[in-house]
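Please read the structure below before turning to the comments.
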Amino acid sequence: MAQDAELAMARLGRTEDVRFSPNGRLLAIAGFAKGTCLLLDVEIGRSGSRPILHVTDYMELHSAALNEPHGFDFIDDRTLVVANRMGGVVVFGVPLRSAARRIHNLTPLRTITRAGLGTRLHSPGSVCVASMENGRCELLVCNNYRHRITRHVTSTDGGWSLPRNSVLLEQGLDVPDGIAISPDKAWIAVSNHMTQSVLVFDNKQRLNRQSRHVGTLLGVSYPHGLRFSPDGNRIYVADAGTPYVQVYEPHRGNWAGEHGPVTSIRVLDDETFHKGRHNPEEGGSKGLDLDPSGELLVVTNEEQPLACFHVPDLLT
């Protein structure tokens, strides 16, 4: 790892989400307490028996629009969406790499503050890009302390037209703290903090604010970041209340019904876990992502800003 990048990670303080760009060449880490975003340039070496993640450079993103940045997703390799717990959802263009300039002060391309006509976003904590087609982008946003998921559709053709906003899901949600959509767009998974479970919604149906979840992932303490595997046959869940990532599989391809973890992956040692365990809801990993191939799992929390694991080794 480049030494300067390692020092930049050490300055982050409390982290939250972590996210690969679609091409796997950038990795974004939320500097929640410092109001920053760290963008790492990464390369995956494949010359040995297993892939290795190399951090080659970094950028620090600053903006007046970053206010407790908590959740990330990429619209494309050069466009980053940030959900701010104490602000709105903002869209940034990723600056070009420059060895002479690693700190960038950005102005958003788009700021989303409304959840519908007469309804404002409140405590947006996680975001995922649900679809991209015909110059339009659909974003799903967890409104943590309003206990709802909102949907935002906007253009990506350079004009960044005003988004169409609506409340998508509300039933059964109690501090939704992470969100992911399956690669085939058939399922939406939501980390439901206060029920200590992950709720799975059938996106093949026409969802609305009265829709209820069809599946429940149990056996997780305080779920946070979560991702589907590239083939959609697993869900990985960061457990903020334990030093583990929980792994789930569907019943014959169906996420309906109740599911317990098929395996638990230890991602923190005892010393690191207990150092960050200020209360029963803390200590474990917060952010989680997979590289585009699904071979590498990365996690983050305040005491361990970045750790990487080879998935096939973990599942054997």
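Scope of the values below: all heavy atoms of this structure, side chains included, with no hydrogens, waters or symmetry mates. The chain is numbered in sequence order, starting from 1. Values in this document were obtained by computation on a predicted structure and should not be read as measured data.
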Charged N-O contact under 4.0 Å between R227 and D17: yes
Please check if the side chain of N144 supplies one atom and the backbone of G125 the other of a donor-acceptor pair under 3.5 Å. yes
State, yes or no, whether a side-chain contact exists between V214 and F201 at a heavy-atom distance under 4.5 Å. no
With sequence neighbours left out, which residue pairs that include part of residues 11-32 fulfil the ring pair (Phe, Tyr, Trp, His ring centres under 6.0 Å) condition? F32-H70
Just do the side chain to side chain contact (heavy atoms under 4.5 Å, CB included) check on E302 and E16 with the steps written out, would you? CA-CA 8 Å; E302 182 171 357; E16 290 292 341; over 6 Å; no
Go through the structure and list residues passing side chain to side chain contact (heavy atoms under 4.5 Å, CB included) with A33, not counting sequence neighbours. R14
Is it true that atom CE of M132 has more than 12 heavy atoms of other residues, nucleotides or ligands lying nearer than 6.0 Å? yes
Is atom CZ of R266 surrounded by more than 12 heavy atoms (other residues, nucleotides or ligands) closer than 6.0 Å? yes
Would you call the rings of W255 and F228 parallel, tilted or perpendicular if under 30° counts as parallel and over 60° as perpendicular? perpendicular
Can you pull the salt bridge (charged side-chain N to carboxylate O under 4.0 Å, His left out) pairs that have at least one residue in residues 173-196, sequence neighbours excluded? R85-D177
Can a donor-acceptor pair be found, under 3.5 Å and without considering hydrogens, that links the side chain of S264 to the backbone of Q246? no
Applied to residues 63-82, the salt bridge (charged side-chain N to carboxylate O under 4.0 Å, His left out) test, sequence neighbours excluded, yields R19-D73
Does any pair with a residue in residues 290-316 pass ring pair (Phe, Tyr, Trp, His ring centres under 6.0 Å), and if so which ones, sequence neighbours excluded? none
With distance as the sole criterion, is a donor-acceptor pair present between the side chains of S197 and T216 under 3.5 Å? no
Whether the side chain of S191 engages the backbone of H193 through a donor-acceptor N/O pair (distance < 3.5 Å, no angle test) should be reported. no
Whether the side chain of D291 engages the backbone of G24 through a donor-acceptor N/O pair (distance < 3.5 Å, no angle test) should be reported. no
Closer than 4.0 angstrom, basic N to acidic O: yes or no for D313 and R50? yes
Are the charged groups of E60 and R102 less than 4.0 angstrom apart, N to O? no
Mind checking whether L140 and I188 have side chains closer than 4.5 Å, heavy atoms only? yes
Salt bridge (charged side-chain N to carboxylate O under 4.0 Å, His left out): which pairs involve residues 240-259, sequence neighbours left out? R234-E249
